[in-house]
Amino acid sequence: MTAAVIDPARLRRDFPILTERVNGHPLVYLDSAATSQKPEAVLDAVLDYYRSANANVHRGVHALAERATDIFEGARLRVAGFVGADPRGVVFVRNTTEGLNLVARAFAEPRWGPGDRIVVTEMEHHSNFVPWQMLCDRRGCELAVAPLGEDGRLDQVQLERLLAPPTRLLAVSHVSNVLGTVTDIAGLSRMAHREGVFVCVDGAQAVPRVPVDVAGLGADFYAFSGHKMLGPTGIGVLWGRPELLEAMPPFLGGGSMIEVVTPERTTWNEIPHKFEAGTPDIAGAAGLTAAVAYLEAVGMPQVQAHEAMLTHYAYEVVGDAGDVTVYGPPAADRSGVLSFNLQGVHPHDVGTILDRHGVAVRAGHHCCQPLMRRLGVAATVRASFALYNTVEEVDALGQALGDVRRVFGA
Amino acid sequence: MGSAAAQAVDDDLYREIILDHYRRPRHHGRVDPADSTVHGHNPLCGDEVDVSLRVRGGRVEAIGFEGQGCSISLASASMMTEQVAGLPVDAVRGVLDRFKQMIVDGVDAGRLEDLGDLEALQGVRRYASRVKCAVLPWNALERGLDQAGADEEPSP
């Protein structure tokens with residue numbers, strides 16, 4: 001089977017924002033790990049929903065209510081198909097962060113307390129770190145941090161040791177938002193399950209970048225955000241193994257999540273609705289369907305290959321200079337993200353000067369302060385790629401870095 | 001991308017004096033003994049600065065800073081210490097107030113007296129995300145003056 005190669009010049013025509021000019025230059029958007037840009041089809045889907053189908057879901061018998069419900073539940077089926085999930089396990093949330101908090105609150109909190117241990121990794125985003133730290137504070141559990149090796153990958157020996165009793169749950173990201181490290185979730189899940197340890201995955205950077213099959217990965221929970229995968233902000237997904245979701249108490253109480261409410265007692269709706277209190281982001285779901293359709297049409301293996309090519313190229317253009325430190329594993333083992341520092345220049349100054357050339361990168365701690373400490377830096381510059389980026393844009397990054405060196409005499 | 005050379009002239013943000021303070025910070029270090037040492041931290045970017053000072057006879061007799069951060073926050077700290085060292089406390093508060101007027105409120109430096117070299121930081125206000133960098137050491141100074149009880153009557 002020969003995979004078609006992405007032609008970003010053609011795809012770019014689908015993304016209206018990419019024709020913007022910034023500070024007199026064409027926009028070079030290299031910050032898709034923060035949030036991706038949206039194709040016209042996603043924008044249209046959101047607007048079309050409001051123009052022709054806006055009503056509340058799961059209530060009312062009128063035509064629009066049925067249209068809105070079809071759009072919302074259709075999104076669930078579409079997303080489930082995209083990540084290889086049973087739709088009953090697909091819970092719509094606001095974003096990855098909310099999904100992970102749901103697991104901490106409704107799954108972990110009632111189960112564990114003093115004498116139990118939760119393991120997070122050194123490369124976790126604050127979204128898969130802080131909820132577990134908060135849980136451990138509330139419940140008196142122990143929090144352990146699995147370290148990274150020198151190569152920017154999880155230290156397997158240390159991790160295996162940490163998965164021994166009394167560890168109950170491992171919280172781990174599939175793709176690191178700073179290092180681009182792709183972690184072998186299937187292997188980790190097997191290792192964890194042998195020890196009776198549950199696995200909760202932050203998939204925010206993975207779902208937009210690599211083919212994801214949650215059933216095949218074998219984790220217990222997997223959360224991701226619509227806005228990083230070409231969809232709108234405000235909608236995200238928590239996938240959980242249906243039998244676990246069944247056994248969990250609700251996260252938030254309110255409308256939609258109930259079966260029968262009396263003054264004495266309330267019973268819960270079936271999953272996944274039990275976890276969707278209140279009116280959901282229906283327009284966001286419409287946009288997410290369009291985003292999934294777009295990614296499926298391009299093909300996730302093709303997206304992955306394109307980003308790998310750009311990352312390799314960026315490694316050469318940026319990383320080969322003697323005054324640049326690149327963080328994380330070699331280009332072959334990473335996905336779509338390149339974090340680096342230029343000697344003697346703070347990342348914010350790099351970011352400001354790149355912006356003058358229209359080049360948008362992230363500069364800062366990337367919501368990963370424990371990882372920054374591990375790397376021995378306060379912050380890094382991060383260029384991240386998506387299916388619409390070109391090699392010419394990587395060249396533009398390289399040239400703009402030349403201007404940073406000139407300003408700072410570096 | 002051909003305009004790098006054109007932007008080299010008259011850089012509105014990275015003025016030569018700012019880069020000079022960044023490379024060769026003045027009053028760098030910790031005052032000992034100090035009446036107050038205040039830690040300033042910008043959680044958005046991780047910039048950190050410690051400003052320590054000693055007040056004698058109603059004047060800031062000594063001031064120093066240590067920290068890690070971008071050129072704007074460190075140059076701002078260096079220029080701040082140079083500007084206020086030796087000044088009466090009420091004059092320091094005046095400089096502080098005028099500096100914030102310039103950076104935060106966007107008042108033209110030409111209308112504010114006694115800012116001296118600090119005028120070079122005026123360009124920061126056009127970079128909204130960098131205003132916090134410039135103000136970080138000044139907020140630490142303000143809290144430091146409060147903690148040192150610097151506004152009380154000088155003891156004999």
Side-chain angles (χ1 to χ4, degrees), chain A residues 21-28 126 130 317 341-342 344-373 375-382 392-410, chain B residues 1-25 39-50 65-78 103 120-137:
Chain A
R21 292 182 71 81
V22 170
N23 295 324
H25 296 275
L27 168 66
V28 175
H126 294 162
V130 177
V317 169
N341 269 325
L342 191 60
V345 189
H346 191 277
H348 272 195
D349 292 316
V350 175
T352 291
I353 294 174
L354 294 186
D355 183 58
R356 293 172 172 184
H357 294 268
V359 179
V361 295
R362 175 83 185 265
H365 54 59
H366 317 292
C367 299
C368 287
Q369 290 177 7
L371 176 56
M372 294 295 114
R373 180 179 297 199
L375 298 174
V377 296
T380 72
V381 183
R382 179 187 70 187
E392 290 78 13
E393 289 181 305
V394 178
D395 287 333
L397 167 66
Q399 284 177 36
L401 281 173
D403 194 37
V404 179
R405 293 185 176 97
R406 183 193 55 73
V407 170
F408 278 83
Chain B
M1 310 308 302
S3 60
Q7 290 190 344
V9 190
D10 272 349
D11 195 312
D12 65 341
L13 182 63
Y14 296 108
R15 306 270 294 272
E16 192 48 47
I17 188 164
I18 292 178
L19 294 173
D20 183 61
H21 275 268
Y22 174 56
R23 294 186 191 110
R24 300 188 303 113
H39 180 70
H41 178 228
N42 181 351
L44 288 178
C45 61
D47 282 7
E48 295 185 71
V49 66
D50 287 297
F65 81 98
E66 292 175 324
Q68 56 169 10
C70 64
S71 62
I72 302 304
S73 66
L74 295 183
S76 182
S78 172
I103 296 278
L121 284 161
Q122 183 166 219
V124 173
R125 71 174 186 230
R126 279 188 289 278
Y127 297 80
S129 62
R130 307 301 299 277
V131 166
K132 283 200 174 95
C133 312
V135 173
L136 180 69

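Just so it is clear: chains get the letters A, B, ... in the order the sequence lines come, proteins before strands, and each one is counted from 1.
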Closest heavy-atom contact between B:Tyr22 and A:His346? OH-N, 3.9 Å
So for B:Tyr14, is it side chain, backbone, both, or neither that comes closer than 4.5 Å to the heavy atoms of chain A? both
Grab the two heavy atoms, one from B:Gln68 and one from A:Ala378, that are nearest each other, plus how far apart they are. NE2-CB, 3.6 Å
Given A:Arg406 and B:Asp11, is the salt bridge (Lys or Arg N to Asp or Glu O under 4.0 Å) satisfied, shown in steps? CA-CA 12 Å; A:Arg406 183 193 55 73; B:Asp11 195 312; 5.2 Å; no
Minimum heavy-atom distance between A:Val407 and B:Arg23, given as atom pair plus value: O-NH2, 3.9 Å
With a 4.5 angstrom heavy-atom cut-off, which part of A:Ala379 approaches chain B: side chain, backbone, both or neither? side chain
Counting C-beta onward and ignoring hydrogens, is there a side-chain heavy-atom pair between A:His348 and B:Asn42 closer than 4.5 Å? no
